[in-house]
Amino acid sequence: MLLHSSTRIALNSGLSKTEVEALTADGPVAGIDPDIVLIARMADDIADRATLGEDLLEAAIARWGGDDTRKLILI
């Protein structure tokens with residue numbers, strides 16, 4: 001159920017079917033925008049552990065800065 005909901009949200013948010021398939025496949029994600037991969041990893045971490053790991057937080061801040069990272073997490 002969660003995968004179906006997440007897939008529907010991803011498609012409705014503008015990701016292509018190819019991008020969604022890459023993100024939902026087993027193993028490392030390749031061939032799509034690295035920003036999408038980082039956001040997906042962050043969402044998985046928050047969904048799985050109800051927190052965001054320091055490595056992902058640091059990567060997001062390095063990519064988008066503190067303010068935009070906070071906004072992204074709240075979304």
Side-chain angles (χ1 to χ4, degrees):
M1 178 65 172
L2 181 59
L3 180 60
H4 173 73
S5 299
S6 298
T7 299
R8 178 61 45 212
I9 291 168
L11 291 169
N12 288 341
S13 297
L15 268 66
S16 70
K17 186 174 180 181
T18 301
E19 290 169 328
V20 171
E21 288 171 354
L23 289 169
T24 56
D26 289 333
V29 178
I32 63 172
D33 186 333
D35 287 349
I36 293 172
V37 175
L38 178 55
I39 291 169
R41 289 183 59 216
M42 292 169 63
D44 286 347
D45 208 33
I46 291 169
D48 291 344
R49 303 181 321 122
T51 190
L52 186 60
E54 191 172 329
D55 61 327
L56 292 173
L57 180 59
E58 289 175 359
I61 291 171
R63 173 62 185 97
W64 297 293
D67 287 342
D68 286 342
T69 296
R70 279 191 288 280
K71 292 174 186 175
L72 182 59
I73 291 169
L74 289 173
I75 290 172

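The minimum heavy-atom distance linking Ile61 with Gly66 is given by the pair CG2-N, 4.2 Å. In plain terms, the two heavy atoms of Leu15 and Leu11 that are nearest each other are O-CD2, 3.6 Å. Considering every non-hydrogen atom in both Gly14 and Glu19, the closest pair reads O-OE1, 4.4 Å.
Taking CD1 of Ile39 as the start and CG of Leu72 as the end, the distance is 5.0 Å to the nearest 0.5 Å. Atoms CD and OG1, on Glu58 and Thr69 in that order, are 11.5 Å from each other to the nearest 0.5 Å. Taking OG of Ser16 as the start and CD1 of Ile36 as the end, the distance is 7.5 Å to the nearest 0.5 Å.
Asp67 is listed as a side-chain neighbour of Arg70, based on a closest heavy-atom distance under 4.5 Å. Thr51 is not listed as a side-chain neighbour of Asp45, based on a closest heavy-atom distance of 4.5 Å or more. Side-chain contact check for Asp55 versus Arg41: some heavy-atom pair is nearer than 4.5 Å.
Val20 and Val37 fall within a single hydrophobic cluster, where Ile, Leu, Val, Met, Phe, Trp and Tyr side chains are chained together by heavy-atom contacts under 4.5 Å.
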